[in-house]
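This report concerns only the one structure given below.
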Amino acid sequence: MQDNLVVLYWYDRNSRQLPWRTAPADILSGVKPDPYHVWLSEIMLQQTTVAAVKNYFKLFIKTWPTLADMANAEEEDILKAWAGLGYYSRARNLYKCAKFVQLHHNGRFPEEEERLLKLPGIGPYTAAAISTIAFGRHAAVVDGNVERVLSRRHALLTELPALKAEVKPLMAEVTPHDRPGDFAQAIMDLGATICTPKSPACGICPWMDVCEGRKQGIADTLPRKAPKKVKPTRRGMAFLLSDARGRILLRKRQDKGLLAGMSEPITTHWADDAAMADLSHAPITADWVRTPKDVKHTFTHFHLEMSVWQAQAPAHYDEPDGYWWSAPDELEGEALPTVMMKALKAGSVI
DNA sequence: GAACCGTGGTA
DNA sequence: TTACCAAGGTT
C-alpha cells in the first residue's frame, strides 16, 4: 500500500465528527460538502482551536443559514456574533467576502485556488483548503499541522517560516488525486491528535514506519523555529461610567489596528510607561473608585495590565457623539472583545 | 521577511 | 505563573 493511502485509511477509521465536516463515508457515497460551511469553518479555524470554534460555527450557521443571509446582514451583527473569538479582522473580511461572492460570483464560491485567493480573508492555506475540501480539487494544503507532520516525516531541518516553501511541493506530491480533500484533513487530524507539537504518539502513528524524524530520534524537535521575542507589558486604565439605571457607557473602537471596529467602555491609550492611577485621564470629573483587581490580558505581541475605575455620571450628563448606554442585560450581546469583558467583570457589571 | 493581529487550553 | 501553541492573513 502507498504511504499516503495509509494515512487516508487511518482517517477513514478515526475521522472526528465536526459540525462542518462531511464524513469520509458520505464523501465516498458522493455527498458534496456545502462550500459556505467549509469557507466559514476554515476562516474560524485560522489560528484557532476546534474546541473554540465549534459553538461559534453553530451559532453563525443558525443565524445566517446561507451565504446570501450573511451577505444581507449588518456588519455590526457579524462583529457581535464574533466577539470573543479573536483576530477580529477575520470577521470584517468574512463579511466583505460574503458580500463580494454574492455580488460578483452569483452567490457561489469559485472552485479554483487562484480565484479563491483573490477573496478577502482567504490566503494560500484557506484557498487550497476550500478548493480541495469543498470542491474535490487537487491542491497542496499547508497549515501548521502539515508543516509539522511533513517536516518530521522527511526530517527537514529548515527553520520556520522558510520551511513552508519546502513543504508545499512535498504536500502536492503526496496528496492523492482521489479524495484530496479527505487526505488534507487526514494530515491535519494526524497533526492534531498524534503528531502533536509536544510528546507525539509515534507508537500509534500510521506513518511510523516511514517517518525519517522518528528513525533519527528527532521527531519531537521538529519543526525548528526561531526563538520567540519577549513580550513587553503595556498598561492603561478603563473607566466604567454608569447612569442612574446602571447602564454602562460604550463606544466603538477605531477602524484599524487592535480590536478594530469592536466596542469598549472608555479606556486610555495603552503604553509601556502609562499610568495605572492618574485620574487626569478620566473622561469626566467624578468620584472614581478603583476596583480591587486589575485586569491582566495577553495579546499576540504584548501583555496588558489595566486598572478599572467606576463612577456614576451626573444627572445632567449627555453622552458624546458615537457613545451609547448599554444595560447590564444587553452587554452580553455587544461586540465586546474578551479583554473588555474582563474589565466589565472586574467592575461586577456582568 | 517581519510585524501586527486574540483567545483559551495546556504543561 | 508563565510560556507555548492552534486548520493564517494582511500590510
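Sequence lines set the chain letters: A, B, ... in the order given, protein chains first and strands last, and positions in each chain run from 1.
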Item to check | B/dG1 to C/dA6 separation - C1' atoms, rounded to the nearest Å | outcome: 22 Å
Checklist entry - P atom, C/dT1 versus B/dG6: distance in rounded Å? => result 24 Å
Next on the checklist: Both A/Leu119 and A/Ser41 contact DNA chain C. Taking the nearest nucleotide for each, which residue is further toward the 5' end?
Outcome noted: A/Ser41
Next on the checklist: Looking at A/Lys225 and A/Glu159, is any side-chain nitrogen of the basic one under 4.0 Å from a carboxylate oxygen of the acidic one?
Outcome noted: no
Next on the checklist: Please say yes or no: joined through hydrophobic side-chain contacts below 4.5 Å, possibly via intermediate residues, are A/Ile78 and A/Tyr87 part of one cluster?
Outcome noted: no
Item to check | Cationic tip of A/Arg153 above A/Trp207 ring, under 6.0 Å, 45° of axis | outcome: yes
Next on the checklist: Heavy atoms only, 4.0 Å cut-off, all strands: where does A/Trp82 land among base, sugar-phosphate and nothing?
Outcome noted: nothing
Checklist entry - Is the NZ or CZ atom of A/Arg251 positioned over A/Tyr323's six-membered ring, under 6.0 angstrom from the centre and within 45° of the axis? => result no
Item to check | Within one Ile-Leu-Val-Met-Phe-Trp-Tyr cluster: A/Val210 and A/Tyr11, side-chain cutoff 4.5 Å | outcome: yes
Next on the checklist: For a quick check of understanding: with a heavy-atom distance under 4.0 Å over all strands, which category does A/Leu18 fall into, base, sugar-phosphate or nothing?
Outcome noted: base
Next on the checklist: With clusters defined by side-chain heavy atoms of hydrophobic residues (ILVMFWY) lying less than 4.5 Å apart, directly or transitively, does A/Val167 cluster with A/Leu222?
Outcome noted: no
Checklist outcome for this item: Of A/Met188 and A/Leu117, the one whose closest nucleotide on DNA chain C sits nearer the 5' end is A/Met188
Next on the checklist: Using a 4.0 Å heavy-atom cut-off to protein, can you give one letter per nucleotide of nucleotides 6-11 of chain B, 5' to 3': B if the base is in contact, S if only the sugar-phosphate is, - if neither?
Outcome noted: BBS---
Next on the checklist: Roughly how many Å apart are B/dC4 and C/dA7, using the P atom of each and rounding to a whole number?
Outcome noted: 24 Å
Next on the checklist: Any donor-acceptor pair under 3.5 Å linking the side-chain atoms of A/Ser307 with those of A/Trp309?
Outcome noted: yes
Checklist entry - Between which nucleotides of DNA chain C, read 5' to 3', does contact with chain A run, using atoms under 4.0 Å from its heavy atoms? => result C/dC5 to C/dT10
Checklist entry - Should the ring pair A/His105 and A/Phe100 be called parallel, tilted or perpendicular, given that the plane angle runs from 0 to 90° and is split at 30 and 60? => result tilted
Checklist entry - A/Arg253 near the nucleic acid: base, sugar-phosphate alone, or nothing, with a heavy-atom cut-off under 4.0 Å? => result nothing
Checklist entry - Do A/Phe302 and A/Phe299 have ring centroids that are under 6.0 Å from one another? => result yes
Item to check | Span that lies between the P atom of C/dT2 and that of B/dC5, in whole angstrom | outcome: 23 Å
Next on the checklist: Does B/dC5 have OP1 or OP2 under 4.0 Å away from a side-chain N or O of A/His301?
Outcome noted: yes
Checklist entry - Base, sugar-phosphate, or nothing for A/Arg92, non-hydrogen atoms under 4.0 angstrom? => result nothing
